[in-house]
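Keep in mind it's a predicted model, so treat the numbers as computed, not measured. The residues of the chain are indexed from 1 along the displayed sequence. In listed order, ligands and their atoms are each counted from 1.
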Amino acid sequence: MLKIVVCVSGGGTNLQAIIDGIDQGKITNTKISGVICNNAGAYALTRAKEHDIPAICISPKDYTDRAEFNKAFLEKVNELTPDLIVLAGFLVNIPAEMVESYANRIINIHPSLIPSFCGKGYYGLKVHEGALARGVKVTGATVHFVDDGTDTGPIILQKAVNVEEDDTPQTLQRRVMEQAEWQILPQAIDLIANGRVSVTDGKVKIINV
Ligand code: GAR
């Protein structure tokens, strides 16, 4: 059984897709040990509580400096003894110590086709604003392992989504979530839980069974 900790910052629709995926048997061999959130008002925390999943709030604002927060954050994660950490709309930089201790055991969902519209400053709606400003016809989402860069780790799954002429950042965000994120994040967790993901030389291979 793969024990996962899901880290969230906002509405938690990707967390909901994981909860539903487990309930519906689309994600197998997986248990959510806890949800960690950096924002006390986030609806994601309510989603966790409604499903009796331990929900922990830890905010950088409650610590004197970043190093203290990073230490406390790593301790909280370690207490939950996860096999995999899932960043599902988590807008906090992952401390280097955590990346090191959980090498190839942290995954992130990003709302574009990496390497487009990713890296520093590209998160949430800003990603879709960037895609519309550039006039791309196709965008999408990516699930990748987290390394010491921003959105630079090995890519596990990607799914393309069409951009429509009258899209706003909000309509595009919604379509990318519905058609890509809520599908490939649960799918990636299921693949990992069933031993079907390997990483060699920074590239992911999906093992067929
Ligand atoms: C999602 O679109 C996710 O891809 C994005 O934040 C949103 C969270 O929504 N993540 C990033 O931009 C990370 N760089 P949710 O809270 O409803 O899942």
Worksheet entry | Sole residue of Val143, Ile32, Val197, Thr30 in side-chain contact (heavy atoms from CB on, under 4.5 Å) with Ile189 |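 Answer to the side-chain contact (heavy atoms from CB on, under 4.5 Å) test with Ile189 among Val143, Ile32, Val197, Thr30: Thr30.
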Worksheet item: Considering the options Val8, Thr13, Ile18, Val6, which one meets the side-chain contact (heavy atoms from CB on, under 4.5 Å) requirement together with Arg47?
Response: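 For Arg47, the side-chain contact (heavy atoms from CB on, under 4.5 Å) check succeeds only for Thr13.
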Donor-acceptor pair between [X] and [Y] side chains, under 3.5 angstrom:
X	Y	result
Thr28	Asp190	yes
Thr200	Lys205	no
Asp147	Thr152	yes
Tyr123	Asp151	no

Among all protein heavy atoms, pick the one closest to [atom] and tell me residue, atom and distance.
atom	value
atom 13 (C) of ligand 1	Ile109 O, 3.9 Å
atom 9 (O) of ligand 1	Met177 CE, 3.4 Å
atom 1 (C) of ligand 1	Glu181 OE1, 3.1 Å
atom 17 (O) of ligand 1	Thr13 OG1, 2.6 Å
atom 16 (O) of ligand 1	Gly12 N, 2.8 Å
atom 11 (C) of ligand 1	Pro111 CD, 3.6 Å

Worksheet item: Considering only heavy atoms, does Tyr122 approach ligand 1 within less than 4.0 Å through its side chain, its backbone, both, or neither?
Response: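 Near ligand 1, Tyr122 shows its backbone, while the atoms from C-beta on stay back.
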Worksheet item: Is there any N or O on Asn14 that sits under 3.5 Å from an N or O of ligand 1?
Response: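 N/O-N/O distance under 3.5 Å: yes.
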Practice prompt. Decide whether an N or O pair under 3.5 Å exists between Asp151 and ligand 1.
Written response: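 So ligand 1 has no N or O lying under 3.5 Å from an N or O of Asp151.
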Discussion item. Does the plane of the ring in Phe73 sit parallel, tilted or perpendicular to the ring in Phe90? Use 30° and 60° as the thresholds.
Written reply: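 Tilted.
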Worksheet item: Among Arg175, Gln173, Arg174, which one satisfies side-chain hydrogen bond (donor to acceptor under 3.5 Å, both in side chains) with Asp167?
Response: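 So the option named by the test is Arg175.
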Item to complete: Would you mind listing which atoms of ligand 1 come within a distance below 4.0 Å of any non-hydrogen atom of Gly89?
Response: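 Checking each atom against Gly89, I get 6 (O), 8 (C), 10 (N).
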Worksheet entry | Atoms in ligand 1 with a heavy atom of His110 nearer than 4.0 Å |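 By the 4.0 Å cutoff, the relevant atoms are 14 (N).
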Worksheet entry | Least distance between heavy atoms, Cys57 atom then Asn38 atom |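 Looking at all heavy atoms of both residues, the closest pair is SG-C, 4.4 Å.
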Worksheet item: Hey, does Gly124 sit under 4.0 Å from ligand 1 if you only count heavy atoms?
Response: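 In this structure, Gly124 qualifies as a contact of ligand 1 - some heavy atom is under 4.0 Å.
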Practice prompt. Please confirm whether Val8 comes under 4.0 Å of ligand 1, counting heavy atoms of the residue only.
Written response: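 Not so, Val8 does not reach ligand 1.
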